[in-house]
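Structure first, then comments.
In each ligand, atom 1 is the first atom listed, and ligand 1 is the first ligand listed. Being a predicted model, the structure only gives us computed values, none of them experimental.
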Amino acid sequence: MLVLLRRYFALLATYLKPQWVGNLFLALFLLGNAGLQLLKPQLLKLFIDTALAHGISLTLLMIAFAFIGFALLNQGIAVADSYLGEYIAWTATNQLRSDLVAHCLSLDLSFHKERSPGELIERIDGDVDTLSHFFSRLIIQLGGNILLLCGILAIFFRIDWRAGLGASVYALMFLSILMIMRRRLIPLWVAQRQASAEFYGFLGERLEGTAEIRANGATTTTLRRFLRQLHAWFPITYKTRMSETRMFIINFAVIASSMILTLMLGAYLRSLNPAAITIGTIFAMYTYTFMLVGPIWTIQTQLQDLQQVEACIQRIHELLSTTSRLRDGSGATFRHGPLALEFEHVTFGYEDDMPVLRDLNVAVQPGHVLGILGRTGSGKTTLARLIFRLYDAQQGSVRLDGVPIQQAHLQTLRQHIGLVTQDVQLFQASVRDNLTFFNREISDERILAAITSLGLSMWYQSLPSGLDTVLPTGGGGLSAGEAQLLAFTRIFLQDPGIIILDEATSRLDPATAALLEKAIDTLLDGRTAIIIAHRLSTIQRADEILILEDGAVLEYGSYNTLAHDSSSRLFHLLQVGLEEVLA
Ligand SMILES: Nc1ncnc2c1ncn2[C@@H]1O[C@H](COP(=O)(O)OP(=O)(O)OP(=O)(O)O)[C@@H](O)[C@H]1O
């Protein structure tokens, strides 16, 4: 619990500090709110005592107006502090969400491989959302209610130490009773939620399979199971409702007896000292006892909630403490334009003792195109991932223009490399945003020029709102060829020195394939390129060819030499046809 509290307050400190002015106002609102609530019974006391002493008078009217004024002010402050509390909580949790997203993005692929997207969404949004309520409630309710509770007890002590003692014992007792009862209710709530989830799961599944159920004559069996589900659900709900009612009755009994006891205590104290304990004082004591219920109830709920968010805080802490296996470089830079690429004795495996690439030695001159061929699983994509530093090689070195890629900042490195895979990711956003990756610095003129250069003009002209046209999720409605061309345009605008192209397969029709070939020519012009090739036409533009087999170099050399050497593997591939051999 202590560790949790420390983590919780560390989170609070990190994310609430930037909003200290707001927090200051919130604290003032809390003080003001608690103060006004404490003052109201005092006004009532004054009102009763004045009425009893002097009958109806102008003072009474003024006290009544003051009471109404205080009540209105109280409500106004309550609204303001709820607004500010929510604002602070949402600003803080949104910052926490952004930090978690940035952190996850900075982690290497091995982290993402072990976690499903759904799990990460739950971590980043679900857990933080739970905390968001807590951020605001903890401050507004816990802080304010502890203050109010202490204030009420202090007033009781001020009236008479016996009254203070009685109120403190009552507060402690009531809090304990509530906590015990709630603890007993939690498993029932969980069981009820589980039963309800099972019931709706069953219902959904059966409704979906209505046709099959009828066709197979399973209606009676299904109805019987439906009734069995209801029978299982009923006793749990019954037990829960009964326990809730019991809790309500016990609460009511405790509150009612405390009121009676307060009146009795008041009468007793008045018999001892009628001058100090007036009728107004007894009424104020009665009101304060009633007022104790609110803060006690809220404090116990908050304390229980604190236990429930324990798991969330623990998970957020774990996520934030996960570090990337990739260390960011010290800041080496690369020149603009085509870069030389070298692999020197590179060995890499996703698992330490299972190499996927073995002792790879490859060198690509600036502006040259390296075509990589190999059967599925031979390590082609893995090689591309190493250049992009999605993983680091276990042995050997990858260099750009002679500089080991680990020496550059990841961001710098990736700015110099464009990666186009077969799996083009398009977002539900405007064409402009999809092409510029939300980079506002790229002008529309540049985008339109790129679209024309890469042969997308016809497609562009068919768009209803030009660059502002919003693409549907996942690029639905686009052909595979158009999606590839969009990906090319995106990279063209990024203008990197090296391009890695995991080429689209032969699913494309000849016209689109020809369009893509032209686009690839434009894209590769003046850049170094690595093409994981699947088509003959692409391989022909390669200056060098690398054929991988089981992670090792099977053949490596100039395209022209190998293509004309009848003993080479490439020669054989060209004779038989790439698609057949490499499929
Ligand atoms: N993220 C990963 N984690 C663990 N193993 C992986 C991972 N990605 C690929 N592998 C394994 O590494 C080996 C090489 O895979 P890679 O994707 O590099 O082959 P490829 O030649 O690109 O295949 P394809 O042509 O089918 O894309 C395969 O045995 C594959 O199962």
Legend entry - Residues Gln229 and Trp233: side-chain donor-acceptor under 3.5 angstrom: no
Inset, instruction - Using a 4.5 Å cut-off on heavy atoms from C-beta on, say whether the side chain of Gln484 contacts that of Thr421. - result: no
Inset, instruction - Measure from the side-chain N and O atoms of Glu549 to the backbone N and O of Leu554, and report whether any donor-acceptor pair falls under 3.5 Å. - result: no
Inset, instruction - Check each atom of ligand 1 against the heavy atoms of Tyr391 and keep those under 4.0 Å away; list them by number with element. - result: 1 (N)
Legend entry - atom 31 (O) of ligand 1 protein-contacted, heavy-atom criterion under 4.0 angstrom: no
Legend entry - Closest to atom 15 (O) of ligand 1 (judged by heavy-atom distance), picking from Thr382, Thr381, Leu390: Thr382
Legend entry - Donor-acceptor under 3.5 Å (Gln394 side chain, Gly349 main chain): yes
Legend entry - atom 9 (C) of ligand 1: nearest protein contact (heavy atom, Å): Tyr350 CE1, 3.4 Å
Legend entry - Close N or O approach (Gly379, ligand 1; < 3.5 Å): yes
Inset, instruction - Compute the minimum heavy-atom distance from Phe348 to ligand 1 and say whether it is under 4.0 Å. - result: no
Inset, instruction - Would you tell me which option among Gly551, Gly349, Gly377, Ala384 has the nearest heavy-atom contact to atom 29 (O) of ligand 1? - result: Gly377
Legend entry - Nearest-contact summary for atom 25 (O) of ligand 1 - protein heavy atom, Å: Lys380 NZ, 2.9 Å
Inset, instruction - May I ask you to identify the nearest protein heavy atom to atom 13 (C) of ligand 1, giving residue, atom name and distance to one decimal place in Å? - result: Val356 CG1, 3.6 Å
Inset, instruction - Test Tyr559 against every option in His564, Glu544, Gln540 by the side-chain contact (heavy atoms from CB on, under 4.5 Å) rule and name the one that passes. - result: Gln540
Legend entry - Minimum-distance protein heavy atom relative to atom 24 (P) of ligand 1: Thr376 OG1, 3.6 Å
Inset, instruction - Indicate yes or no for a side-chain donor-acceptor contact from Asp108 to the backbone of Leu390 under 3.5 Å, with no hydrogens or angles considered. - result: no
Inset, instruction - Counting heavy atoms only, name the option from Arg385, Glu351, Met354, Glu549 that's nearest to atom 8 (N) of ligand 1. - result: Arg385
Inset, instruction - May I ask you to identify the nearest protein heavy atom to atom 1 (N) of ligand 1, giving residue, atom name and distance to one decimal place in Å? - result: Lys113 CD, 3.3 Å
Inset, instruction - Please answer whether the main-chain N or O of Asp359 pairs with a side-chain N or O of Thr347 as donor and acceptor at a distance below 3.5 Å. - result: yes
Inset, instruction - Taking only heavy atoms of Arg375 into account, list the atoms of ligand 1 that are under 4.0 Å away from them. - result: 21 (O)
Inset, instruction - Determine yes or no for a side-chain-to-main-chain donor-acceptor pair under 3.5 angstrom, with Lys380 supplying the side chain and Gly374 the backbone. - result: yes
Inset, instruction - Check whether any side-chain N or O of Arg541 sits under 3.5 Å from a backbone N or O of Glu517 as a donor-acceptor pair, and report yes or no. - result: yes
